[in-house]
Amino acid sequence: MQAWRVHRNGEPGEVMRLEETDRPEPGEGQVLLRVRAANVNFPDALLCRGQYQVTPPLPFTPGVEVCGETEDGRRVIATPTLPYGGFAEYAVADEAALLPAPDALDDAEAAALHIGYQTGWFGLHRRANLREGETLLVHAASGGVGSAAVQLGKAAGARVIGVVGGPEKAAVARELGCDVVVDRREDDVVTAVKDATGGRGADVVYDPVGGDAYVKSAKCVAFEGRILVVGFASGAIPSPALNHALVKNYSIVGLHWGLYNRKDPRAVLRCHETLTGLAAEGLIKPLVSDRVPLKDAAHAVQRVADGTTTGRLVVLPEGATA
C-alpha cells in the first residue's frame, strides 16, 4: 500500500515521504481500516515537527482523523492509532473507539466531523456552559476548528462574532453564519467587539490561537465571561494575569478533548449522537474547502501548518469518491 511516513522531525513539506509499504497489522482490540478520507489537522503538523503531546516512534504515518471502512463493510469515523495514521491507504484504530459515520455527510465531511466538532461541543457546552442568547467570540473563525465552533454556537442560539485575518477569510466567516465579522488585519479587535456588544464584551471566547489573540480576549470578555483555551496555533502560549481575571470576574477555562476519550468515553459517544442529529437537521456541516489526492498530502499538511487555509483540507486515497 501507499503511505506517507516521517523518518525525521521537521516541517511537513520537508519530512513527509510517500512510500510503498506493507499494510499495518492491527493488535489486540484494534481493527484495520481502508481509508476513505483523511482530514488534515494542525496536530498533524505538530507531529511532524515533534512538538505534539504524543510522540510516536519514527518512522510514523501522520493523519489523526479519518472516515474509513472496516473489513465487514461498516463506514466509520476514527482517530487512528499511531504510528499507523490516516495519510495512507490503510490505517489502524481501536475498535472500541469507532463511531458510525453520519449518513447526512459524505466521506470527506465525515472525516472532518470528529475532533473539531467534539472539541467545539465539549468546549462550548461542558466547559464554558454557553447559553442561548449569549455572545460567542470565535478566533480563527474561518479555519477548521473555528468554523466548527461558529456552527455549534449558532446551533445553540448564540450571537457569534468571528475574528479572521483577511478579506477572503472574512467572506467565509460570513457564509458560515457569523453575525459580526472582525478582520484583525484591518480592525481593532477589542474596540470592534465592544462596539458590537454595547460595551459589554463577549460572554464566551473560543480561542484556538493563543498569543496576541488571548491578550485581546482578556480585554473584551464580559463580566462573568469565560475564555476557553483550546490551543496555541500562533505558537505563543500566553501567561494570563490572574489579578486581571479577579478584578473583572471572568473565568479562564482549559480544554483538552483527548482526555474525555480516556476518562469519560461514554460522553464522547453521547456527543457523537448529538452531532449526528445536528448534521441530519442541517445545523452543522464541516466546511471542506479542498479535497486533495493522497499524493498531495504533504503539501496539504504544510498549508495547514502555515495558516493559509480556510475550512478543512481532506486527503482522498486513490479510488475514493468523496
- Message: Is there a side chain to side chain contact (heavy atoms under 4.5 Å, CB included) between E11 and R49? Walk through the geometry before answering.
- Response: CA-CA 6 Å; E11 286 301 299; R49 294 169 176 165; 2.8 Å; yes
- Query: Given L46 and F232, is the side chain to side chain contact (heavy atoms under 4.5 Å, CB included) satisfied, shown in steps?
  - Reply: CA-CA 11 Å; L46 296 179; F232 312 104; over 6 Å; no
- Message: Using side chain to side chain contact (heavy atoms under 4.5 Å, CB included), reason through H272 and V268 one step at a time and then give a plain yes or no.
- Response: CA-CA 6 Å; H272 180 67; V268 174; 5.7 Å; no
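A 6.0 Å sphere centred on CG of D306 holds more than 12 heavy atoms belonging to other residues, nucleotides or ligands. By the neighbour-count criterion of 12 heavy atoms within 6.0 Å, atom NZ of K219 is sparsely surrounded, having that number or fewer from other residues, nucleotides or ligands. A 6.0 Å sphere centred on CD of Q51 holds more than 12 heavy atoms belonging to other residues, nucleotides or ligands.
Residues passing the ring pair (Phe, Tyr, Trp, His ring centres under 6.0 Å) test with H299, sequence neighbours excluded: none.
Follow the hydrophobic side-chain contacts under 4.5 Å out from L130 and you never reach V163; the two are in separate clusters. At a threshold of 4.5 Å between side-chain heavy atoms, the hydrophobic network of Ile, Leu, Val, Met, Phe, Trp and Tyr places L113 and V76 in two separate groups.
The two atoms that bring S142 and V172 nearest to each other are CB-CG1, 3.9 Å, heavy atoms only. In terms of heavy-atom proximity, A88 sits nearest to P317 at O-CG, 3.8 Å. Of all the heavy atoms in K248 and A218, the pair that sits closest is NZ-O, 3.2 Å. Minimum interatomic distance between V315 and A297 (heavy atoms only, all atoms of both residues): CG2-CB, 3.9 Å. Residues G210 and P238 approach most closely at CA-CD, 4.2 Å, considering heavy atoms. Annotation for F122 and C271: closest pair CE1-CB, 3.7 Å, computed over non-hydrogen atoms.
A donor-acceptor pair under 3.5 Å links the side-chain atoms of N9 to the main chain of C48, judged by distance alone. Checking side-chain atoms of W4 against main-chain N and O of L294 turns up a donor-acceptor pair under 3.5 Å.
In this structure, the side chains of T70 and L98 come closer than 4.5 Å at one or more pairs of heavy atoms. Taking the side chain as every heavy atom from C-beta outward, Y214 and V205 never approach each other to under 4.5 Å. Using a 4.5 Å heavy-atom threshold, the side chains of V229 and I252 count as touching. Taking 4.5 Å as the limit, some side-chain heavy atom of F87 sits within range of a side-chain heavy atom of V301. Two residues are said to be in side-chain contact when any heavy atoms from C-beta on lie closer than 4.5 Å; L32 and Y84 fail this criterion. Between V35 and E89, the closest side-chain pair of non-hydrogen atoms is not below 4.5 Å. In this structure, the side chains of Q118 and Y260 stay at 4.5 Å or more apart for every pair of heavy atoms. Counting heavy atoms from C-beta on, the side chains of L283 and K154 never come closer than 4.5 Å.
Counting only residues at least two apart or on different chains, the salt bridge (charged side-chain N to carboxylate O under 4.0 Å, His left out) pairs with a member in residues 13-30 are R5-E19, R17-E19. For residues 64-74, every residue pair satisfying the salt bridge (charged side-chain N to carboxylate O under 4.0 Å, His left out) rule, not counting sequence neighbours, is listed here: R34-E69, R36-E69, D72-R74.
Salt bridge R184/D212: absent, no basic N to carboxylate O contact under 4.0 Å. Salt bridge status for D203 with R131: absent, with no side-chain N to carboxylate O gap under 4.0 Å. Taking the charged nitrogens against the carboxylate oxygens, D183 and K169 have no contact shorter than 4.0 Å, which rules out a salt bridge.
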